[in-house]
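What follows is a set of notes on a single structure, which appears directly below.
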Amino acid sequence: MIYQLGSTLTDAIVLAIISRGDAYGYSISQQVKKVADIKESTLYPVLRRLQQKGYLETYDQPYQGRNRKYYVITEAGKQQYQFYMEEWKKYRMEVEKIMMGGMENEQG
């Protein structure tokens with residue numbers, strides 16, 4: 001995709017992914033990569049920031065002889081995710097008005 005993600009949209013996408021179920025870093029990065037060219041080294045500071053804000057918590061789970069860190073969304077994280085969703089709906093509508101409105105004006 002050619003559109004760049006800002007930090008707010010990245011936060012919203014990460015919270016959306018984790019809101020569907022506990023996830024570990026690599027699995028989160030693979031899902032984010034569907035919409036953005038993001039490196040795992042970029043994702044981990046995002047996860048730490050969301051954890052510091054109280055939106056995520058972690059726990060370790062044994063996997064193939066080592067521990068894997070899983071992220072789980074907190075109640076505060078769920079509320080923030082809902083806020084992001086409402087803002088996204090408004091933003092998307094306004095962008096579509098401009099983009100689609102421009103196309104209609106060119107045709108008519």
Do other residues, nucleotides or ligands put more than 12 heavy atoms under 6.0 Å from Glu57 CD?
-> no
So, Asp22 versus Tyr59: side-chain donor-acceptor pair below 3.5 Å or not?
-> yes
Kindly compute the distance separating CG (Asp37) from OG1 (Thr42), expressed to the nearest 0.5 Å.
-> 9.0 Å
Keeping the roles fixed (side chain from Thr58, backbone from Lys69), state whether a donor-acceptor pair exists under 3.5 Å.
-> no
May I ask you to decide if Gly6's main-chain N or O and Thr10's side chain share a donor-acceptor pair within less than 3.5 Å?
-> yes
Here the gap from Lys53 atom NZ to Thr74 atom OG1, rounded to the nearest 0.5 Å, amounts to 12.5 Å
Would you indicate whether the side-chain heavy atoms of Phe83 and Gln80 approach each other to under 4.5 Å?
-> yes
With a 4.5 Å heavy-atom cut-off, do Pro62 and Arg68 have their side chains touching?
-> no
Hey, what do you get for CZ (Arg92) to CE (Met85), rounding to the nearest 0.5 Å?
-> 8.0 Å
Check whether more than 12 heavy atoms from other residues, nucleotides or ligands sit under 6.0 Å from atom OH of Tyr44, and answer yes or no.
-> yes
Should Val72 and Ile17 be counted in the same cluster of Ile, Leu, Val, Met, Phe, Trp and Tyr side chains packed under 4.5 Å apart?
-> no
The single option from Ile18, Ile13, Val46 that satisfies side-chain contact (heavy atoms from CB on, under 4.5 Å) with Ile28 is Ile18
Could you give me the CA-CA distance, side-chain angles and deciding distance for Asp11 and Leu50, then say whether side chain to side chain contact (heavy atoms under 4.5 Å, CB included) is met?
-> CA-CA 7 Å; Asp11 289 359; Leu50 292 173; 3.8 Å; yes
Are Val35 and Val95 joined in one hydrophobic group, where the rule is that I, L, V, M, F, W and Y side chains link up if heavy atoms are under 4.5 Å apart?
-> yes
Would Lys39 and Ser29 count as a side chain to side chain contact (heavy atoms under 4.5 Å, CB included) if you check the C-alpha gap in whole Å, the side-chain angles of each, and the deciding distance to 0.1 Å?
-> CA-CA 7 Å; Lys39 294 177 176 51; Ser29 72; over 6 Å; no
Specify the closest pair of heavy atoms between Ala76 and Gly54, including all atoms of both residues, with the distance to one decimal.
-> CB-O, 3.7 Å
Write down the atom of Ser19, the atom of Tyr81, and the distance for their closest heavy-atom approach.
-> OG-CE2, 3.8 Å
Run the side chain to side chain contact (heavy atoms under 4.5 Å, CB included) check on Leu47 and Tyr71 step by step: do they pass?
-> CA-CA 8 Å; Leu47 291 167; Tyr71 295 86; 3.7 Å; yes
How many angstroms lie between atom CD of Gln82 and atom NZ of Lys78, to the nearest 0.5 angstrom?
-> 10.5 Å
Applying the 4.5 Å side-chain criterion to the ILVMFWY set and letting contacts propagate, would Val14 and Tyr26 be lumped into a single cluster?
-> no
Find the distance between CD1 (Ile98) and CE (Met93) and round it off to the nearest 0.5 Å.
-> 12.0 Å
Got a second to check how far Leu43's CG is from Gln30's CD, nearest 0.5 Å?
-> 10.0 Å
Using the six-membered ring wherever Trp is involved, compare the ring planes of Tyr70 and Tyr24 and label them parallel, tilted or perpendicular (cut-offs 30° and 60°).
-> perpendicular
Are Ile38 and Leu5 close enough that some pair of their side-chain heavy atoms sits under 4.5 Å apart?
-> no
